[in-house]
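We use all heavy atoms of the structure for the numbers below, so side chains are in, but hydrogens, waters and symmetry mates are not. None of these values were measured; they are calculated from a predicted model.
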Number of protein chains: 2
Amino acid sequence: MNSNPLIPKELKHYFTLGLSIDCVVFGFDGEKLKVLLIERGDSPFKGYWALPGDLLAPEKDLNSSVNDVLNNLTGLNDLFFEQVETFGEVDRHPFGRVLTTSYYTLVKISDYELNPASFACEAKWFNMEDISELAFDHNKILNTCFDKLQTSIRIKPIGFELLPPKFTLTELQLLYEAILDVKLDTRNFRKKILSMEFLINTGDLQANVSHRPAKLFEFDEMRYNSIKEKGFSFEI
Amino acid sequence: MNSNPLIPKELKHYFTLGLSIDCVVFGFDGEKLKVLLIERGDSPFKGYWALPGDLLAPEKDLNSSVNDVLNNLTGLNDLFFEQVETFGEVDRHPFGRVLTTSYYTLVKISDYELNPASFACEAKWFNMEDISELAFDHNKILNTCFDKLQTSIRIKPIGFELLPPKFTLTELQLLYEAILDVKLDTRNFRKKILSMEFLINTGDLQANVSHRPAKLFEFDEMRYNSIKEKGFSFEI
DNA sequence: CCAAAAGTGTTATAGCTACACCCATGT
DNA sequence: ACATGGGTGTAGCTATAACACTTTTGG
């Protein structure tokens, strides 16, 4: 049960820390950037909305626990995570010394319709722009993760993680506009993204839309990896 | 003595973690990128070279402990630190569960001639390229911090931290070449860096060189901050 | 006067920005 | 036929890359 069997006695005082994992789950509904929050059922901050998170068990690796933490709370699984920052102010948790390592991840909202039964607790998507006071220092964590998302999405093709497997160029553009909070020129955006040559035109078209149906594209990860190895760099 | 007074009993098991701070100190000798390492005097990894680091005390903030840790080990002080990543594999420390948060910092080697007396232990500058097997997972940490330095220096004017207050454009170019491991064109480099208008020509010249003496420049941080606020972005 | 590094301008190319109209579909 | 969003090309501008010789100092 003791995770630190060989630690000298005089250092025992240092082995009293708790470390939590907090996760910012971003989603996109086709219009606005969303964040998944859970309602706290326990003290402290009972009743507040918070980032999904939990304590790290001493017998588990840090990075590989993130998926489990999120899965337990929300049923989400098999996501990619990016570690962002570790927050360690002494007074950030009112009950004791708990540091937290933050991560963000991106989910296709459509894949995970929020079925309340599948959640261990109340979970809800919020518009990024509507989020007010969260538990602990979670507003600060959220903002840091959002900044990281904004820089990452401009240099790595991670946006596709937020869209269904087949998507239109307009959907992709709306996603970039929502995350970067800018208006992009349609022609220039298409020229640029298509010039990168890792989008496959599936040949399929949108169905049941009362206007000219858009072509559906797929992200070709194999192709992206192969051109990336040749020194190609993604940038929007 | 207990840093977690209000933690419920059933969670005690989670409050047995140790967290260390490890710091990658980069320097530049005018030619090569250097890293400051210390020789371990104690088990585990006794006799190995390692990143300067220490355990975080439960009563201290994470980010503000970095300076103290480094100061105790090396006498360095008042540096800027950038947090890079937290490493938390279960088996990364042979004596118990110790996670580590890594930081890098930049020092002007000339300001801190390595006076052995001022060091709590054996410390030495190594060429980045000559570093072989380090204690723990410190090679991995070093590589991660170096990657971060390479990306940061291209988008933030942090290179000046490695040079004396007055420096020549050639020194600055050599620094960028050493960190990014590329050859840069002298004329293009000067055009670009001078076009950013945050270097002050001090009017002073190099002394005691057996060739045409170079102009000495200073980084104007005030001016950098003011143009940055207007939306200017640094990029090399 | 020789060695050594400092300093400087132009041209060609690639990438970016700005901008307006026709097309395909459902109702 | 109309409403709705899908889809496309060009021209001007800006940034980048490639490239070689003259200048100033010390010895």
Side-chain angles (χ1 to χ4, degrees), chain A residues 28-32 154-155 157 163-164 166-178 180-218 227 230-236, chain B residues 28-32 153-155 163-164 166-178 180-218 227 230-236:
Chain A
F28 181 65
D29 64 357
E31 195 184 349
K32 300 208 167 192
R154 288 175 20 92
I155 52 178
L163 295 175
K166 297 184 182 186
F167 50 85
T168 70
L169 295 181
T170 301
E171 287 168 342
L172 188 62
Q173 182 179 341
L174 288 171
L175 169 63
Y176 274 88
E177 291 181 341
L180 298 174
D181 192 28
V182 290
K183 273 310 273 173
L184 299 172
D185 179 273
T186 306
R187 279 176 286 195
N188 294 338
F189 178 79
R190 287 169 180 237
K191 239 179 298 173
K192 184 145 189 182
I193 203 92
L194 290 175
S195 74
M196 294 179 183
E197 300 190 311
F198 50 62
L199 288 190
I200 303 172
N201 181 344
T202 62
D204 298 352
L205 297 177
Q206 268 182 321
N208 306 318
V209 287
S210 74
H211 54 76
R212 177 174 176 177
K215 295 174 188 165
L216 292 168
F217 289 81
E218 271 176 347
I227 58 182
K230 296 187 191 102
F232 162 89
S233 86
F234 179 89
E235 192 139 344
I236 284 200
Chain B
F28 181 64
D29 65 358
E31 196 184 347
K32 300 206 168 197
I153 204 171
R154 288 175 19 92
I155 51 177
L163 296 174
K166 296 183 181 185
F167 50 86
T168 70
L169 295 181
T170 301
E171 288 168 341
L172 188 61
Q173 184 179 340
L174 288 171
L175 168 63
Y176 274 89
E177 290 180 341
L180 298 175
D181 192 29
V182 290
K183 272 311 273 173
L184 299 172
D185 178 274
T186 306
R187 280 175 285 192
N188 293 338
F189 178 78
R190 285 167 182 239
K191 238 178 298 173
K192 185 145 188 182
I193 204 91
L194 290 174
S195 75
M196 295 180 184
E197 301 190 309
F198 51 62
L199 289 190
I200 303 172
N201 181 346
T202 63
D204 300 350
L205 297 176
Q206 267 182 320
N208 305 319
V209 288
S210 74
H211 56 75
R212 176 174 176 177
K215 295 173 187 164
L216 292 168
F217 289 82
E218 272 176 347
I227 58 182
K230 294 187 193 103
F232 163 88
S233 86
F234 179 89
E235 190 138 347
I236 284 200

Undergrad: Could you check whether any side-chain N or O of B/Glu218 sits under 3.5 Å from a backbone N or O of B/Leu199, counting only pairs where one atom can act as donor and the other as acceptor?
TA: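 No.
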Undergrad: Can you establish whether the number of heavy atoms outside A/Asp181 located under 6.0 Å from its atom CG is more than 12?
TA: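 Open.
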Undergrad: Test your reading of the model: is there a side-chain donor-acceptor pair from B/Glu171 to the backbone of B/Leu163, 3.5 Å cut-off?
TA: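 Answer holds: no.
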Undergrad: OP1 or OP2 of C/dA5 less than 4.0 angstrom from a side-chain nitrogen or oxygen of B/Lys215, does that happen here?
TA: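 For C/dA5, neither OP1 nor OP2 has a side-chain N or O of B/Lys215 closer than 4.0 Å.
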Undergrad: How close or far is atom P of D/dG5 from atom CD of A/Gln173, stated in whole angstroms?
TA: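 In whole Å, D/dG5 P lies 14 Å from A/Gln173 CD.
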Undergrad: What I'd like to find out is whether the side chain of B/Thr168 reaches to under 4.5 Å of the side chain of B/Phe217, using heavy atoms alone.
TA: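 B/Thr168 does not reach B/Phe217 side chain to side chain.
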Undergrad: For nucleotides 24-27 of chain D, list the nitrogen or oxygen atoms of the protein found under 3.5 Å from its nitrogen or oxygen atoms, one pair per line.
TA:
{"residue": "D/dT24", "atom": "O2", "partner": "B/Arg212", "partner atom": "N", "Å": "3.1"}

Undergrad: Checking B/Arg154 now: which residues fulfil side-chain contact (heavy atoms from CB on, under 4.5 Å) with it, not counting sequence neighbours?
TA: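 side-chain contact (heavy atoms from CB on, under 4.5 Å) list for B/Arg154, sorted by chain: B/Leu180, B/Glu235.
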Undergrad: Round to the nearest Å and state the distance from B/Leu169 atom CG to C/dT8 atom C1'.
TA: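 Those two atoms, CG and C1', are 12 Å apart.
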Undergrad: Looking at side-chain heavy atoms only, is the closest gap between A/Phe232 and A/Met196 below 4.5 Å?
TA: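 They are in contact (side-chain heavy atoms under 4.5 Å apart), so the answer is yes.
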Undergrad: Using a heavy-atom distance cut-off of less than 4.0 Å, which residues of residues 182-201 of chain B contact DNA chain D?
TA: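 Hits under 4.0 Å, by residue number: B/Asp185, B/Arg187, B/Asn188, B/Lys191, B/Lys192.
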Undergrad: May I have the distance from B/Leu216 (atom CG) to C/dA6 (atom P), rounded to whole angstrom?
TA: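 Rounded to the whole Å, the gap is 11 Å.
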Undergrad: Assign A/Thr168 to base, sugar-phosphate, or nothing according to its heavy-atom contacts below 4.0 angstrom with the strands shown.
TA: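 Since no nucleic acid heavy atom lies under 4.0 Å of A/Thr168, the category is nothing.
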Undergrad: Looking at B/Gln206 and B/Lys215, would you say the former's side chain and the latter's main chain have a donor-acceptor pair under 3.5 Å?
TA: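 Side chain of B/Gln206 to backbone of B/Lys215, a donor-acceptor pair under 3.5 Å: no, none is there.
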Undergrad: To the nearest angstrom, how far is A/Glu235 atom CD from D/dA15 atom C1'?
TA: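 Spelled out: CD on A/Glu235 to C1' on D/dA15 is 14 Å.
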Undergrad: Does some side-chain heavy atom of B/Leu175 sit less than 4.5 Å from a side-chain heavy atom of B/Phe167?
TA: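 The answer is no; the side chains never approach within 4.5 Å.
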